[in-house]
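What follows is a set of notes on a single structure, which appears directly below.
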Amino acid sequence: MIVDAEVHLLHPEAVAPDFAPDKNEPMRRIIYEHNDFSSLLNKLDVSYLLQSMVENKIDYSLIMGMPWRNSAILQANNDYIEECVKKYPSKLRGFFIPDISNVKKAVRQVSYIDSSVFPGIKLFPSLQGKYIDDIELRPIFRVLEERNMFIMIHTDHLYQCQNGDTAYRLFKMVEENKKLKILAPHLGGLLCFYSLLPKISKAIQNVTFITSVSATMKMVLFAAQIIPDKLVLGTDFPFNHCHDQITPIQILRSLGLPEQHLNLILGATACELFGLDGGQEKNV
């Protein structure tokens, strides 16, 4: 089986060049002012995703929206993700993005979301006006622990930020929340490489890393040599550099990984983690 653990969709109203004209909305710059936006326009809805999954023999995709600062837009995007999962439960699972500008509100949201639709939440901390190691976010983490749900945390690479979603902040948060089930996209800003150090390896036992480094997939080869059972495929489609799901999969297949490790990364580990296709959920 093949499972893509990181895919982004927008609700229909948002798929328009003039959407959310408020200049205080970070998504305006990231999505609509991106040089490649015109080529993304038809790839942000569920019908295109399902077609891509059929063409590329992808069994499941884990879908999520984007971290809108505007709470009404954020809710609309989350509602669309839920609608898609409920319509196509044999193909999709969702990740909910709570409104962490109001932690009490976020706690209520996480407390009541349908875990059969959303096995967890996704945070883009700095884009949502926070840092992942902020003490004020801890009540959200406690609810996730109580509900046995995942948290996926966007983390940048070293060259992408000076004081935002850094691997250091991720590591400090992981150290302080050892009972959380954590998913780290973009190889956790390469934090996974430090599993070579016994102290770090022990500290990040509850983290599974996502291979969403589409332009630098050779990094996955090194990661797989260290933690083959702690990696899951994620394309970051359609915001990856190639704007498709198949290119990262093709590169992954060409890296010369042992077949057992390749199968773990492509889908076996994700199936076990999320209880897909009759599998039992695994505590990471």
Side-chain angles (χ1 to χ4, degrees), residues 1-9 40 43-65 81 84-95 116-120 122 150 152 181-188 192 207-282 284:
M1 291 185 66
I2 300 179
V3 179
D4 187 344
E6 189 179 3
V7 173
H8 299 276
L9 299 178
L40 300 177
K43 299 180 179 180
L44 288 161
D45 66 81
V46 72
S47 60
Y48 189 97
L49 171 63
L50 292 171
Q51 178 184 338
S52 170
M53 291 172 65
V54 170
E55 291 175 353
N56 300 308
K57 297 180 173 58
I58 297 170
D59 298 279
Y60 284 94
S61 286
L62 275 59
I63 60 175
M64 59 212 73
I81 299 301
C84 292
V85 174
K86 287 183 174 179
K87 190 172 183 179
Y88 305 103
S90 65
K91 289 291 183 182
L92 306 174
R93 293 291 184 275
F95 270 74
S116 68
V117 173
F118 298 107
K122 171 76 179 281
F150 292 86
M152 186 184 297
K181 301 196 298 186
I182 298 171
L183 301 167
H186 317 301
L187 296 179
C192 61
V207 184
T208 300
F209 295 90
I210 303 177
T211 69
S212 43
V213 287
S214 64
T216 52
M217 288 292 288
K218 285 187 177 180
M219 292 178 177
V220 179
L221 176 60
F222 187 31
Q225 292 170 354
I226 307 169
I227 48 166
D229 59 340
K230 289 287 186 178
L231 292 173
V232 295
L233 170 71
T235 64
D236 204 12
F237 172 74
F239 295 113
N240 51 13
H241 85 288
C242 45
H243 309 313
D244 63 42
Q245 288 182 291
I246 190 57
T247 299
I249 294 173
Q250 289 175 333
I251 298 174
L252 186 60
R253 290 186 184 279
S254 73
L255 294 177
L257 293 170
E259 185 176 358
Q260 180 183 4
H261 293 172
L262 181 62
N263 289 339
L264 286 172
I265 297 167
L266 284 174
T269 296
C271 285
E272 190 173 359
L273 282 173
F274 304 112
L276 303 176
D277 194 39
Q280 297 299 312
E281 185 174 347
K282 171 185 176 183
V284 297

Atom pair SG/CD1 of Cys192 and Ile227 - distance to nearest 0.5 Å
4.5 Å
List in chain and number order the residues that pass side-chain contact (heavy atoms from CB on, under 4.5 Å) with Ser116, two or more places apart in sequence or in another chain; answer none if no residue qualifies.
Asp114
Using the test side-chain hydrogen bond (donor to acceptor under 3.5 Å, both in side chains), find all partners of Lys87 that sit at least two apart in sequence or belong to another chain.
none
Taking the side chain as everything from C-beta on, heavy atoms only, tell me whether Leu273 gets closer than 4.5 Å to Phe150.
yes
Kindly say whether His186 contributes a backbone atom to a donor-acceptor pair with the side chain of Ser212 at under 3.5 angstrom?
yes
Do any side-chain atoms of residues 216-226 form donor-acceptor pairs under 3.5 angstrom with protein atoms, and if so which ones, sequence neighbours left out?
none

From Met152 CE over to Met64 CE, what is the distance, rounded to the nearest 0.5 angstrom?
4.0 Å
Using modelled atom types and a 3.5 Å cut-off, is there a donor and acceptor pairing between side-chain atoms of Asp59 and backbone atoms of Ile2?
yes
Give me the one residue out of Tyr60, Tyr88, Phe274 that meets side-chain contact (heavy atoms from CB on, under 4.5 Å) with Arg93.
Tyr60
Those residues that, when tested against Ser52, pass side-chain hydrogen bond (donor to acceptor under 3.5 Å, both in side chains) (two or more places apart):
Asn56, Gln245
Lys43 side-chain N/O to His243 backbone N/O, donor-acceptor pair under 3.5 Å
yes
Residues Leu276 and Ala270: closest non-hydrogen pair is CD1-O, 4.2 Å
Ser61 and Met53: side-chain contact (heavy atoms from CB on, under 4.5 Å), yes or no, with the steps?
CA-CA 8 Å; Ser61 286; Met53 291 172 65; 3.4 Å; yes
Show which side-chain atoms of residues 44-51 pair as donor or acceptor with protein atoms under 3.5 Å away, not counting sequence neighbours.
from, atom 1, to, atom 2, distance (Å)
Asp45, OD1, Ser47, N, 2.9
Asp45, OD1, Ser47, OG, 2.2
Asp45, OD1, Tyr48, N, 3.2
Gln51, NE2, Glu55, OE2, 3.0

If you measure from CZ on Phe118 to CD1 on Ile63, what distance do you get to the nearest 0.5 Å?
8.0 Å
Side chains of residues 231-238: which donor-acceptor pairs under 3.5 Å do they make with residues two or more places apart or in other chains?
from, atom 1, to, atom 2, distance (Å)
Thr235, OG1, Asp4, OD1, 3.4
Thr235, OG1, Asp4, OD2, 2.5
Thr235, OG1, Phe237, N, 3.2
Asp236, OD1, His8, NE2, 2.9

Just jot down the side-chain hydrogen bond (donor to acceptor under 3.5 Å, both in side chains) partners of Asn240, sequence neighbours excluded, or say none.
none
Rounded to the nearest 0.5 Å, what's the gap from CE on Met1 to CG on Asp277? Could you check?
4.0 Å
What residues, two or more places apart in sequence or in another chain, satisfy ring pair (Phe, Tyr, Trp, His ring centres under 6.0 Å) together with Phe95?
none
In a table with atom names and distances, give each donor-acceptor pair under 3.5 Å that connects a side chain of residues 253-266 to protein atoms at least two apart or in another chain.
from, atom 1, to, atom 2, distance (Å)
Ser254, OG, Ile251, O, 2.7
Asn263, ND2, Glu259, O, 3.3

I'd like to check the side-chain hydrogen bond (donor to acceptor under 3.5 Å, both in side chains) partners of Asp244; sequence neighbours left out, ordered by chain and number.
Thr247
